[in-house]
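What follows is a single structure, written as structure tokens, with notes after it.
Every chain is numbered from 1 and lettered A, B, ... according to where its sequence line falls, protein lines coming before strand lines. Values below: every heavy atom of this structure, side chains too, minus hydrogens, waters and symmetry copies.
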2 protein chains.
Amino acid sequence: MDTTQRTDQQRSADRRRRELLEAADRVVLRDGPGASMNAIAAEAGITKPILYRHFGDKGGLYAALAKRHTDALLEALRAALDAPAERRERVEATLDTYLAAIEARPQVYRFLMHPSEGGPQGDQGFDIGLYSAPVLRRMGEELGKVIEERVDLGPGSQQLARVWGHGIVGMMHAAGDWWLGERPCSRAELVRSLADLLWGRLAAAGDRVGGPGF
Amino acid sequence: MDTTQRTDQQRSADRRRRELLEAADRVVLRDGPGASMNAIAAEAGITKPILYRHFGDKGGLYAALAKRHTDALLEALRAALDAPAERRERVEATLDTYLAAIEARPQVYRFLMHPSEGGPQGDQGFDIGLYSAPVLRRMGEELGKVIEERVDLGPGSQQLARVWGHGIVGMMHAAGDWWLGERPCSRAELVRSLADLLWGRLAAAGDRVGGPGF
DNA sequence: GACTCCTGTTACCGCAAGTAACATGTGAGT
DNA sequence: ACTCACATGTTACTTGCGGTAACAGGAGTC
């Protein structure tokens, strides 16, 4: 009948879509974010217009791709955030989860956060910068919500929690990005350093000899 | 002689270069970061190849453009960082300086940090994402140096300071970006909230009723 | 068998980055 | 005065991308 047929078709379309996304994933992870639609189509064994029929435009495809990875990352973060432990331990676990993720799959990370710098040669094409912001925004919003739910911040807590959510995510992101590039220390050390920062060690530290401190 | 001639020529070339950069600035601020080389050349009253002779490629031009603005911003930040005041006040002044800058010239900010999302219509073109990272990196490095010079952090201070430098810059950036988009509060409130975060208020806050806190 | 979708193709448009090859003005050296 | 070197400027082109139109089967439905 009509319904079953529609269902069948939708099923088929969804499967196809997933296959295409997986092919796109392979190409993007291999060639960097500058991968062309032609290359992706070729990897999937088809041609361009099909991609456009499924995803509208390149932005749609990349958004779908980004969503997959983002969802996975957010789930891992939520787990670390919800673990039964002291606050400090949770913070460290969350930081460590994030850093472990970007360490384990730097290609994915670079795709999500640092559009196009992959390929050895020119990457005229497309700006995916629009998709890195949403990732960080989502993480910031989620963290803000968790903070507001869990921590007693007195009046104005909602706003404060949101600011902190975005701020902490930004801190994690920037520090992680720098760390991933230079690897100046172990992951555990980085986690501890960041947690110390959040724990007010900057305020507690004394001035250095020779003048007023920062 | 040779030297004076070379100097004259170089002077002329430098002036030309500055003019071109100013024209590029106007176009980028008007049309968004997706501005084409043709458009920039037209604004400057010349044609494309000249731009390429001066800046190599579009990346070179945009890097030069970014450097201008970045230098200006860094100088303002250094001033706030070096002001004679208590540490907390300096931190707040620095945060406020950064936020005031991005608030005053959001177009410039978006150009530096958020490549291509300016124009109302399609922006196939070019990825400037490569230039936002350097900006943040430079800020992070500088802040790290200042912290290491001024704050007594005990053993491992250099590494810790660098981590904190990048982390704090990332926090400032992410929170500022979110704030600029949503304007959920005044600048002063944002500054206070972030400074409170750095001052360990997250660690000091109590759990909310109903379970262990974040 | 005609009709309708869905999938797939080839061939094309428009536009941007980047490049060659050619034109021209100007000061230096002889 | 002539020419050489050189910087500045041009037009016209190539290449490669995103995106689209128009066409070509194939599988169910009436």
Side-chain angles (χ1 to χ4, degrees), chain A residues 1-17 19-20 23-24 27-28 31-63 115-116 118-128 130, chain B residues 1-20 23-24 27-28 31-63 115-116 118-119 121-128 130:
Chain A
M1 309 97 137
D2 210 31
T3 64
T4 64
Q5 187 192 352
R6 278 272 281 280
T7 309
D8 277 5
Q9 283 174 189
Q10 197 156 336
R11 248 183 236 273
S12 163
D14 278 10
R15 240 191 38 201
R16 202 86 183 96
R17 183 188 167 95
E19 289 172 16
L20 296 184
V27 175
V28 164
D31 296 356
S36 78
M37 292 297 265
N38 261 324
I40 295 173
E43 169 74 26
I46 51 158
T47 49
K48 262 196 303 180
I50 306 183
L51 285 180
Y52 284 95
R53 281 221 262 269
H54 273 271
F55 300 102
D57 63 354
K58 191 165 186 174
L61 202 177
Y62 275 41
S116 66
Q121 64 226 33
D123 52 344
Q124 69 256 44
F126 176 69
D127 179 42
I128 203 192
L130 304 175
Chain B
M1 308 121 113
D2 210 30
T3 64
T4 64
Q5 187 194 350
R6 279 269 285 281
T7 310
D8 276 5
Q9 282 174 188
Q10 198 157 334
R11 247 183 237 273
S12 163
D14 279 9
R15 241 192 37 201
R16 202 84 183 96
R17 183 188 167 95
R18 227 168 315 168
E19 288 173 15
L20 297 183
V27 175
V28 164
D31 296 357
S36 79
M37 293 297 264
N38 260 326
I40 295 173
E43 170 75 25
I46 51 157
T47 50
K48 259 196 302 178
I50 306 184
L51 286 179
Y52 283 94
R53 279 220 263 271
H54 273 270
F55 301 103
D57 62 352
K58 190 165 187 174
L61 202 176
Y62 275 41
S116 68
Q121 64 229 32
D123 53 343
Q124 69 257 42
F126 176 69
D127 181 39
I128 203 195
L130 304 175

Under 3.5 Å, which donor-acceptor pairs do the side chains of residues 43-50 of chain B form with other protein atoms, sequence neighbours left out?
{"residue": "B:E43", "atom": "OE1", "partner": "B:R30", "partner atom": "NH2", "Å": "2.9"}
{"residue": "B:E43", "atom": "OE2", "partner": "B:R26", "partner atom": "NE", "Å": "2.7"}
{"residue": "B:E43", "atom": "OE2", "partner": "B:R26", "partner atom": "NH2", "Å": "3.3"}

Legend entry - Short side-chain N/O contact to C:dG8 OP1/OP2 from A:R16, under 4.0 Å: yes
Inset, instruction - Report the residues that fulfil side chain to side chain donor-acceptor pair (under 3.5 Å) with B:R53, sequence neighbours left out, ordered by chain and then residue number. - result: none
Legend entry - Atom pair distance, as rounded to whole Å: CG in B:D57 and P in C:dA16: 17 Å
Inset, instruction - Determine the contact category for B:S36: base if any of its heavy atoms lies under 4.0 Å from a base atom, sugar-phosphate if only primed atoms, P, OP1 or OP2 are that close, otherwise nothing. - result: sugar-phosphate
Inset, instruction - Starting from the 5' end of DNA chain D, give me the residue, B:R53 or A:K48, whose nearest nucleotide shows up first. - result: B:R53
Legend entry - Nearest-neighbour nucleotide for the A:K58 side chain, C:dG18, D:dA21, D:dG19 considered: D:dG19
Inset, instruction - To the nearest Å, give me how far apart CE (B:M37) and C1' (D:dT14) are. - result: 17 Å
Legend entry - Side-chain N or O of A:T47 closer than 4.0 Å to phosphate OP1/OP2 of C:dG8: no
Legend entry - Nucleic acid contacts of residues 38-45 of chain A, taken as heavy-atom distances under 4.0 Å to DNA chain C: none
Inset, instruction - Starting from C1' on C:dG8, measure out to CG on A:L20 and report it in whole angstrom. - result: 12 Å
Inset, instruction - Identify the two heavy atoms, one from A:K58 and one from A:M37, that lie closest to each other, and give their separation to 0.1 Å. - result: CG-SD, 3.8 Å
Legend entry - Minimum heavy-atom distance between B:F55 and B:L61, given as atom pair plus value: CB-N, 3.6 Å
Legend entry - Inter-residue atom distance B:R16.CZ - B:E19.CD, 0.5 Å rounding: 5.0 Å
Inset, instruction - Provide the closest heavy-atom pair for A:V27 versus A:A39 in the form atom of the first, atom of the second, distance. - result: CG2-O, 4.0 Å
Inset, instruction - Let me know the distance between CD1 of B:I50 and P of C:dT19, rounded to the nearest Å. - result: 16 Å
Inset, instruction - With heavy atoms under 4.0 Å as the rule, sort A:I46 into base, sugar-phosphate or nothing. - result: sugar-phosphate
Legend entry - Value in whole Å for how far the P atom of D:dT20 lies from CZ of A:F55: 15 Å
Legend entry - Side chain of A:Y52 (C-beta onward), nearest among C:dT10, C:dT19, D:dG19: D:dG19
Legend entry - Between C1' of C:dA16 and CG of B:L61, the distance in whole Å: 15 Å
